[in-house]
**Student:** 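Take a look at this one; I'll ask things after.
No experiment lies behind these values; they were computed from the predicted model shown. Note on naming: letters A, B, ... go to the chains in the order of the sequence lines (proteins, then strands), and numbering restarts at 1 for each one.
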Amino acid sequence: MIPFDYHRATDVAGAVATADAREAVFLAGGTNLVDRMKLGVTSPDVVVDIGGLALDGVEELPDGGLRIGATARNSDLAAHPVVLRDYPVLARALLSGASGQLRNLATTGGNLLQRTRCSYFQDVSTPCNKREPGTGCSAIGGYNRQHAVLGASEQCVATHPSDMAVAMAALDARVVVRGPAGERVVPLVDLHRLPGDEPDRDTVLTRADLITAVDLPPLPDGTRSLYRKVRDRASFAFALVSVAVVLRVDGGVVRDVRVALGGVAHKPWRARRAEEVLLGSPAEEEVFRRAADAELAAARPLPDNGFKVPLVRNTLVSALRDLSLGER
Amino acid sequence: MTDLLRPHVLGASPARVEGAAKVTGTALYAGDQRVTDPAYLHLVQAEVARGRVTSVDAEAALALDGVLAVLTPDNAPRLASTDDAELAVLQSHDVDFRGQVVAAVVARTPEIARQAGALVDVRIDEAPHDVHLGADRDDLYAPEEVNAGAETDTSQGDVDAAMAEAPFTVDHTYTTAWYNNNPMEPHTTTALWSDGDLVLHDSTQGVHPTRDTAAEVLGLDPERVRVVSPHVGGGFGSKGTAHVNVIITALAAKAVPGTPVKLALTRQQMFSLVGYRTPTIQRVRLGCDEGGWLRAVAVDVVEQTSRIKEYAEQTAVPSRMMYAAPHRSTTHRLAALDVPVPSWMRAPGECPGMFALESAVDELAIACGVDPVEFRVRNEPEVEPESGKPFSSRNLVACLREGARRFGWDDRDPAPRSRRESDWLVGTGVASSTYPVNKMPGSAATVRRTVDGRFRVEIGAADIGTGTWTSLAQVAADALGVEFADVELRIGDTDLPKATVAGGSSGITSWGSTVVAAAREFRAKFGDDPDEGDELTATMPEDDASDEYAKHAFGAQFAEVRVHVDTGEVRVSRLLGVFAVGRVVNPRLARSQLVGGMTMGLSMALHERSVLDERFGHVVNHDFAEYHIAANADVPRVEALWIDEHDPHVNPMGTKGIGEIGIVGTAAAIANAAHHATGVRVRDLPLTLDHFLS
């Protein structure tokens with residue numbers, strides 16, 4: 001690890017100002033950042049610890065939604081009674097991520113901003129456009145079982161590793177950001193970028209932008225949700241594919257639906273095409289299949305991950321089936 | 001026939017004597033040893049698979065505050081022997097595999113050493129490399145012998161003719177992946193020189209073998225090298241021979257006279273520097289008659305070794321003794337590649353070999369319509385098939401029968417896809433296990449009556465987490481005819497009498513036989529009431545009747561596997577193993593060994609695979625996040641049992657060794673169960689979900 005300065009921020013404005021002035025990273029749980037620093041992937045001049053900013057609250061909003069503080073722990077959020085009651089998709093997503101020990105440290109903002117675990121990104125001895133722009137993508141032509149099938153570029157085929165963010169994408173979450181120019185709100189689905197020609201940029205945030213909270217809007221009565229994660233072992237593994245579904249069926253017809261996919265793209269993938277097929281259609285298996293196929297028409301699998309296409313289809317169809325039947 | 005001990009403490013389950021120290025963090029491992037003002041070593045590795053180091057610029061590293069020395073191929077002390085190319089660290093400018101050590105930094109802290117390592121500028125003139133293993137290579141060669149001294153090829157009868165005549169045949173190729181041993185404790189060495197004497201605190205499966213290797217490579221009289229290793233956080237074969245960490249730490253300590261040096265490999269480094277299990281490609285041909293009696297058994301193995309040092313896994317060896325058949329043959333062929341040096345990993349040979357054989361046996365049993373348990377029973381040989389020797393004891397059939405009874409095998413509908421529970425297809429499978437009874441000559445033990453009326457038993461044996469501190473003391477207690485509490489065992493130090501490696505499941509057989517000999521001679525000389533200070537040292541007796549019998553342990557493993565209809569996810573909901581392993585010294589420890597082996601076999605079946613990127617020549621998934629080992633959630637129910645087996649021919653304890661047999665056959669039982677669940681036969685491990693997706 002390369003030496004760095006450590007700065008413990010005492011207020012949000014100060015944290016942002018420090019980060020604006022120097023090559024800085026914010027430290028919350030540190031569960032991904034510290035690994036990257038050990039591996040030489042991230043080498044900041046200064047680490048700004050935001051653990052003392054009292055951003056760990058979870059409170060109900062006047063509109064019936066929920067405001068989640070940026071440093072609320074994943075384990076605390078998963079156990080929060082309002083999350084368990086109103087947003088089961090989020091609780092399930094949180095609990096399917098990492099391990100108990102990691103969830104006890106990992107935070108909401110940190111979870112959103114964790115970086116890909118692409119083997120080549122994490123190995124400084126191999127080329128990687130995300131880590132070192134212009135050096136090439138080793139995953140293309142290399143080991144790409146975990147990699148993207150949607151929205152990738154010739155520069156980068158990495159996936160975003162978060163489970164929580166996939167659920168939040170399906171919940172239309174809004175990210176509250178404080179930057180040098182003040183506060184703004186970014187829809188979660190717009191927070192992360194597709195790689196394009198700048199795969200080094202994971203999100204639309206700049207260095208001194210600090211996530212302070214994530215807001216969840218309320219869900220209409222009768223809405224059900226679930227998160228289903230498929231991975232190479234039963235726990236403690238990143239998703240090969242995950243599906244977050246928020247669904248309201250009335251009279252056998254889909255009245256409201258939001259679908260997000262994990263493990264398939266550089267960002268939590270909001271499945272708009274599938275939603276278009278589903279909305280207003282009968283909640284039937286045939287429709288679910290058409291919806292999945294509509295979304296997957298754009299899939300471009302790599303040599304090692306062609307299975308992700310049928311895996312997404314099957315997982316999404318079974319999630320929609322189970323939710324609409326109300327079995328689970 | 002051996003004079004068997006009368007069991008008193010043998011068969012009881014005293015808790016681990018070092019358990020409290022371990023769980024309270026006071027047991028000192030190699031990296032914890034308290035030495036004065038140590039320096040820390042970090043290794044710099046080649047980032048190409050083949051080439052020649054043209055320059056090493058250490059200026060920036062040396063300029064860093066706290067850096068004491070940088071060793072390079074240009075300045076490293078010369079070794080006395082470079083015969084073992086794996087250990088000839090920094091002795092030439094050649095790069096033979098990606099990850100090979102090309103420089104090493106000694107610094108005041110591990111962090112500075114690591115930071116400085118990144119600043120060492122190593123220039124390598126890269127040469128084309130070749131790391132591709134394939135059965136179609138035209139440069140495969142037959143080694144002179146395979147691991148454990150086994151013959152490379154064997155042949156009896158006429159396999160081709162028997163296959164042509166047999167009404168039922170199987171001819172398939174099975175592959176196992178590249179596996180990296182990953183004990184929780186990384187390879188760790190602390191080295192101190194003092195007046196030309198060297199002390200090594202090393203995480204090793206054998207202090208004396210490590211000492212002898214270090215002495216030879218460094219050109220020292222073995223008496224001037226002391227290796228200390230009281231506790232080891234797992235080895236699985238990767239600490240059975242000395243690797244580069246031992247030699248480079250000794251060299252580094254030489255470069256900073258008077259300063260002890262510590263090295264702990266990083267997890268990533270362990271994927272190229274401490275051995276691994278070669279991937280295997282196994283063509284298995286089996287033929288049987290109408291009644292399910294085998295006529296032909298043939299296994300042809302292709303696997304890899306490194307270009308600089310040969311290691312030939314004895315993968316086809318278990319097929320030579322498992323089942324009766326008049327026509328049989330085995331071959332081993334190697335590809336010498338620009339890859340890290342492969343070595344031992346838990347049950348080398350038997351583990352990958354029995355995946356292929358026991359999968360093929362399942363396929364043939366299905367083909368001829370005989371129940372897979374019954375098929376194995378039918379093909380039970382009366383004597384060891386290739387050697388013709390009688391078995392000292394062989395209770396495979398008893399294991400299969402008892403396992404089938406406990407598992408509920410008889411209720412099974414043999415048709416694939418015949419059982420579905422909710423969204424899961426459920427199947428069951430069986431496979432046999434086997435492991436040879438290995439006894440290694442060369443150990444000695446000392447028995448001494450101490451002041452407090454107890455008996456001190458000394459032998460340089462190893463406890464790699466297996467429980468030697470406890471089990472060997474149990475052997476000593478019964479050999480002396482005293483209570484467990486009356487034995488004070490000392491192990492893990494070359495200052496103690498010489499002991500052989502904790503490998504080949506030979507520990508208790510070899511060290512136990514030695515301790516029994518010493519105890520018996522002690523009693524013969526000093527009687528029932530020895531005086532304080534009476535002491536006697538004895539070596540392991542030559543085993544006169546050793547070669548008359550074929551000596552193997554056996555087992556039968558049963559698996560219940562669930563495969564999700566939508567996602568193809570594979571879960572092992574139950575594993576049951578029944579073993580015939582001679583006398584069990586300590587049921588508590590034995591169960592732990594067997595369950596651990598089976599769990600590792602489950603991990604091999606479902607998860608483990610080191611992914612080689614042939615462009616770069618390295619394992620890309622070189623950490624615990626991406627090299628998947630079974631997590632707790634993958635292992636809901638593993639039961640290990642054993643039958644009462646009495647074998648008077650193996651050793652005075654009647655033991656057969658239990659460290660490795662648990663991993664043998666597990667993967668086949670799981671693959672066979674997955675086939676039963678789904679109708680999909682997977683012949684290439686691991687059984688990832690994509691095999692089962694429709």
Side-chain angles (χ1 to χ4, degrees), chain A residues 1-3 32 35 37-40 43 96 98-100 102 117-120 122-127 136 138-139 141-146 161 228-238 240-243 304-319 321-322 327-328, chain B residues 45-48 64-65 98-99 110-112 114-119 266 268 422-423 564-572 602-603 606-609 611-616 618-636 686-694:
Chain A
M1 199 184 289
I2 296 168
N32 179 225
D35 283 355
M37 290 173 69
K38 285 182 182 172
L39 293 169
S43 325
S96 70
S99 67
L102 288 169
R117 301 313 201 283
C118 172
S119 305
Y120 302 99
Q122 299 209 112
D123 182 346
V124 296
S125 76
T126 58
S138 297
Y143 179 54
N144 45 46
R145 179 178 175 80
Q146 291 282 341
R228 191 157 290 169
K229 177 176 181 178
V230 183
R231 46 186 150 178
D232 269 334
R233 63 179 166 190
S235 77
F236 206 2
F238 295 101
L240 291 168
V241 157
S242 71
V243 171
D304 292 339
N305 70 9
F307 67 90
K308 284 193 175 184
V309 176
L311 186 58
V312 168
R313 180 186 298 118
N314 292 358
T315 308
L316 177 55
V317 169
S318 79
R321 185 199 304 138
D322 291 348
E327 282 183 351
R328 297 182 181 88
Chain B
Q45 297 176 279
E47 295 184 357
V48 302
L64 209 60
D65 198 23
R98 189 176 173 113
E111 291 80 9
I112 294 171
R114 195 162 175 170
Q115 183 194 357
L119 295 175
T266 66
Q268 287 85 352
S422 182
D423 290 337
H564 196 275
V565 291
D566 292 321
T567 64
E569 290 163 288
V570 184
R571 302 279 185 263
V572 177
L602 182 158
S603 192
L606 300 192
H607 308 302
E608 292 188 43
R609 169 175 48 176
V611 178
L612 177 73
D613 188 321
E614 294 191 0
R615 301 167 305 169
F616 300 112
H618 76 312
V619 171
V620 291
N621 55 337
H622 54 194
D623 59 32
F624 275 179
E626 297 305 331
Y627 183 92
H628 284 173
I629 296 167
N632 281 338
D634 293 292
V635 193
L687 279 73
T688 45
L689 58 81
D690 37 299
H691 291 287
F692 302 97
L693 254 186
S694 51

**Student:** In terms of heavy-atom pairs under 4.5 Å with chain B, which of A:Gly306, A:Gly142, A:Pro310 leads?
**Tutor:**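 Between A:Gly306, A:Gly142, A:Pro310, the count favours A:Gly142.
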**Student:** Can you tell which of B:Gln45, B:Arg114, B:Arg571, B:Glu111 has the highest number of heavy-atom pairs within less than 4.5 Å of chain A?
**Tutor:**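 Result: the option with the highest number of such pairs is B:Arg571.
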**Student:** Tell me, side chain or backbone of B:Glu614 under 4.5 Å from chain A's heavy atoms, or both, or neither?
**Tutor:**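 Neither part.
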**Student:** Given heavy-atom pairs under 4.5 angstrom as the criterion, report whether the side chain, backbone, both or neither of B:Val611 touches chain A.
**Tutor:**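 Side chain of B:Val611 only, per the 4.5 Å heavy-atom cut-off to chain A.
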**Student:** Rounded to the nearest 0.5 Å, what separation is found between the CD atom of B:Glu626 and the CG atom of A:Asp232?
**Tutor:**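 Reported to 0.5 Å precision, the distance equals 9.0 Å.
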**Student:** Which region of B:His607, side chain (C-beta onward) or backbone (N, CA, C, O), has a non-hydrogen atom less than 4.5 Å from a non-hydrogen atom of chain A, or is it both or neither?
**Tutor:**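 The answer is the side chain of B:His607.
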**Student:** Measuring heavy-atom distances to chain B, does A:Ser138 have an atom under 4.5 Å in its side chain, in its backbone, in both, or in neither?
**Tutor:**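 Both the backbone and the side chain of A:Ser138 come within 4.5 Å of chain B.
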**Student:** Is B:Ala118 in contact with chain A via its backbone, its side chain, both, or neither, using a 4.5 Å heavy-atom distance?
**Tutor:**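 Interface part for B:Ala118: neither.
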**Student:** When you measure from the side chain of A:Ser242 to the backbone N and O of A:Lys229, does any donor-acceptor pair fall under 3.5 Å?
**Tutor:**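 It does not hold such a pair.
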**Student:** Measuring heavy-atom distances to chain B, does A:Arg145 have an atom under 4.5 Å in its side chain, in its backbone, in both, or in neither?
**Tutor:**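 Just its side chain gets close to chain B.
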**Student:** Out of curiosity, B:Leu689 CG to B:Asp566 CG, how far, rounded to the nearest 0.5 Å?
**Tutor:**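 So the gap between those two atoms works out to 12.0 Å.
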**Student:** Using heavy-atom distances under 4.5 Å, tell me whether B:Asp623 contacts chain A through its side chain, its backbone, both, or neither.
**Tutor:**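 Side chain only.
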**Student:** Measure the NE2-CD distance between B:His628 and B:Glu608 for me, rounded to the nearest 0.5 Å.
**Tutor:**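 Going from NE2 on B:His628 over to CD on B:Glu608, the span is 11.0 Å.
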**Student:** State, yes or no, whether a side-chain contact exists between B:Asp613 and A:Tyr120 at a heavy-atom distance under 4.5 Å.
**Tutor:**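 With C-beta onward as the side chain, the pair touches.
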**Student:** Can you say whether B:His618 sits under 4.5 Å from chain A via the side chain, the backbone, both, or neither, judging by heavy atoms?
**Tutor:**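 When you check distances to chain A, only side chain atoms of B:His618 fall under 4.5 Å.
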**Student:** Could you check whether any side-chain heavy atom of B:Asn632 comes within less than 4.5 Å of a side-chain heavy atom of A:Phe236, counting everything from C-beta outward?
**Tutor:**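 No. Closest side-chain heavy atoms not under 4.5 Å.
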**Student:** Any idea which of B:His564, B:His622, B:Gln268 has the most non-hydrogen atom pairs under 4.5 angstrom with chain A?
**Tutor:**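 That would be B:His622.
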**Student:** Working to the nearest 0.5 Å, report the span between OH of A:Tyr143 and CG of A:Asp304.
**Tutor:**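 The CG atom of A:Asp304 is 7.0 Å from OH of A:Tyr143, to the nearest 0.5 Å.
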**Student:** Verify whether one side chain among A:Arg228 and A:Ser318 offers a donor that lies under 3.5 Å from an acceptor in the other.
**Tutor:**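 On atom types as modelled, these side chains qualify, holding a pair under 3.5 Å.
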